[in-house]
Peer 1: 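Supplied in structure tokens, the structure appears directly below.
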Amino acid sequence: MKYFQVYNWSKIKQIVAVKCILCRGLSTLDQPLCHQCQALCPVPVCFCPCCGLPINDSDTGLCSSCLRQPPPFDYCLAPFLYQYPVNRILQMVKYQSRLELINPMVDPLAQLLLDHYRDDCWPQAMLPVPLHNKRLRQRGYDQALLLARALQRRLHEVSLPLDSRLLERVRHTPAQQELDASARQKNVRQAFALRTRPTFKHVAVLDDVVTTGATVSEITRLLKNSTVERVDIWSIARTPED
């Protein structure tokens, strides 16, 4: 009986009309972001696999900055650029509790990862960027953890472990979006710690947005100063350079 209830509910979600969260046009309950708005989400034509920034196609595949001085992490993969409407959608998830928008953002990331790791080794674990307890009490939920759980469900065939306990945010810091690049680096310095010694050699760190890379770089250095040898960065969006 429960099977039929679940099946019927899934079918109902596909036919119940609702308004798109952005354009207010008609959509369905299982598609809070209509297909037209989802098609507007900016996708980089070509991006540097090391830092994730959009680039013109090159012989090496890497941007000039990564050829000169690569970041501490090994790969950065993001399906979208942090521009409208992606920035608006992620802000609604983070600050307005619009958690129904997580899946439409996670699905393209999952497909990007499946394509990338077809010829590469999957990480041994996925680590969401942790939220400080004070910020968690203010917001009521950890958006990076919710994104990680949704991504894990989407990648169920991979059987990717999710470890939300290894990393800890030990300093409550101002929001990164309020700071410039130099201040961002200082803001996250020694803001994270490891609860235990990692047993993994290869991990993926997940965050909703990578802007300057200060947060994920700080976490990468922490992990690589321990036992981790390779750190891949996964995010929904990458902020392009001005």
Side-chain angles (χ1 to χ4, degrees), residues 41-56 58 60-95 105 108-109 112-113 116 123 126-132 135 139 142-145 147-148 167-194 203-225 228 230-242:
C41 294
V43 178
V45 176
C46 186
F47 63 90
C48 174
C50 187
C51 69
L53 286 172
I55 58 170
N56 295 323
S58 66
T60 63
L62 300 178
C63 69
S64 57
S65 295
C66 289
L67 287 173
R68 291 193 306 269
Q69 186 177 1
F73 46 84
D74 297 273
Y75 287 92
C76 182
L77 301 168
F80 298 120
L81 298 176
Y82 192 64
Q83 297 171 336
Y84 187 85
V86 174
N87 52 1
R88 175 66 179 140
I89 295 167
L90 293 180
Q91 288 163 8
M92 292 171 77
V93 171
K94 186 180 290 189
Y95 303 117
M105 293 290 97
L109 173 58
L112 175 65
L113 297 178
H116 176 83
M126 173 171 46
L127 314 177
V129 172
L131 200 62
H132 192 274
R135 187 69 52 78
R139 190 172 298 164
D142 183 338
Q143 79 281 351
L145 178 57
L147 286 169
L167 292 171
E168 178 183 14
R169 195 158 197 149
V170 294
R171 282 202 307 111
H172 180 60
T173 56
Q176 289 284 81
Q177 66 180 17
E178 302 169 1
L179 308 173
D180 60 23
S182 176
R184 284 171 186 256
Q185 294 179 351
K186 295 178 182 178
N187 190 45
V188 295
R189 196 166 295 157
Q190 297 182 331
F192 302 95
L194 297 172
V203 301
V205 173
L206 176 71
D207 205 359
D208 55 349
V209 181
V210 173
T211 303
T212 63
T215 297
V216 292
S217 292
E218 182 70 15
I219 290 174
T220 297
R221 283 187 282 267
L222 177 66
L223 291 166
K224 288 192 172 182
N225 285 338
V228 178
R230 173 175 164 181
V231 178
D232 298 348
I233 306 302
W234 297 349
S235 69
I236 302 298
R238 181 68 162 96
T239 301
E241 289 183 322
D242 295 331

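Given the structure is predicted, the values throughout are model-derived calculations rather than measurements. Every heavy atom of this structure was used, including side-chain atoms; hydrogens, water molecules and symmetry mates were not.
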Peer 1: Listed by chain and number, what are the side-chain hydrogen bond (donor to acceptor under 3.5 Å, both in side chains) partners of D207, not counting sequence neighbours?
Peer 2: none
Peer 1: Salt bridge (charged side-chain N to carboxylate O under 4.0 Å, His left out): which pairs involve residues 74-89, sequence neighbours left out?
Peer 2: D74-K224
Peer 1: Under the rule for side-chain hydrogen bond (donor to acceptor under 3.5 Å, both in side chains), what residues qualify as partners of R139, not counting sequence neighbours?
Peer 2: Q143
Peer 1: Could I get the full list of side-chain hydrogen bond (donor to acceptor under 3.5 Å, both in side chains) partners for D208, not counting sequence neighbours?
Peer 2: K94
Peer 1: Taking only residues two or more places apart in sequence, or in another chain, which ones meet L53 in a side-chain contact (heavy atoms from CB on, under 4.5 Å)?
Peer 2: C51, R238, E241
Peer 1: With sequence neighbours excluded, tell me which residues meet ring-ring contact (aromatic ring centres under 6.0 Å, His included) with F192.
Peer 2: none
Peer 1: Can you list everything that forms a side-chain contact (heavy atoms from CB on, under 4.5 Å) with V43? Sequence neighbours excluded, please.
Peer 2: F80
Peer 1: Heavy atoms only: give me the nearest L81-P54 pair and the separation to one decimal.
Peer 2: CD2-CG, 3.9 Å
Peer 1: Work out which heavy atom in Q83 is nearest to a heavy atom in P240; give both atom names and the distance.
Peer 2: NE2-CG, 3.5 Å
Peer 1: Write down the atom of A237, the atom of L90, and the distance for their closest heavy-atom approach.
Peer 2: CB-CD1, 4.1 Å
Peer 1: So, for F47 and L77, which heavy atoms are closest and what is the spacing to 0.1 Å?
Peer 2: CE1-CD2, 4.0 Å
Peer 1: Quick one: do M126 and V203 satisfy side-chain contact (heavy atoms from CB on, under 4.5 Å)? Show the steps, please.
Peer 2: CA-CA 6 Å; M126 173 171 46; V203 301; over 6 Å; no
Peer 1: Closest approach of L206 and A144, non-hydrogen atoms and distance?
Peer 2: CD2-O, 3.9 Å
Peer 1: Could you tell me which non-hydrogen atom of Q190 sits nearest to which non-hydrogen atom of E218, and how far apart they are?
Peer 2: N-OE2, 2.9 Å
Peer 1: With heavy-atom distances below 4.5 Å as the criterion, would you say the side chains of P128 and L147 are in contact?
Peer 2: no
Peer 1: Apply side-chain contact (heavy atoms from CB on, under 4.5 Å) to L167 and V129, showing your working.
Peer 2: CA-CA 7 Å; L167 292 171; V129 172; 6.0 Å; no
Peer 1: Given side chains that start at C-beta, do those of V216 and V231 come closer than 4.5 Å, heavy atoms only?
Peer 2: no
Peer 1: State whether the side chain of N225 and the backbone N or O of L222 hold a donor-acceptor pair below 3.5 Å, judged by distance alone.
Peer 2: no
Peer 1: Is the closest side-chain heavy-atom distance between Y84 and P42 below 4.5 Å?
Peer 2: no
Peer 1: Check whether any side-chain heavy atom of R230 lies under 4.5 Å from a side-chain heavy atom of P123, and answer yes or no.
Peer 2: no
Peer 1: Carefully, step by step, assess I233 and V210 under the rule side-chain contact (heavy atoms from CB on, under 4.5 Å).
Peer 2: CA-CA 9 Å; I233 306 302; V210 173; 3.8 Å; yes
Peer 1: Determine whether V205 and D232 satisfy the following criterion, side-chain contact (heavy atoms from CB on, under 4.5 Å), listing intermediate values before the conclusion.
Peer 2: CA-CA 6 Å; V205 173; D232 298 348; over 6 Å; no
Peer 1: Apply side-chain contact (heavy atoms from CB on, under 4.5 Å) to P79 and list each qualifying residue two or more places apart in sequence or on a separate chain.
Peer 2: P108, L109, L112
Peer 1: Taking side-chain contact (heavy atoms from CB on, under 4.5 Å) as the test, write out the residues that go with S217, two or more places apart.
Peer 2: P72, F73, R221
Peer 1: Taking side chain as C-beta onward, heavy atoms only, is P71 less than 4.5 Å from C50?
Peer 2: yes
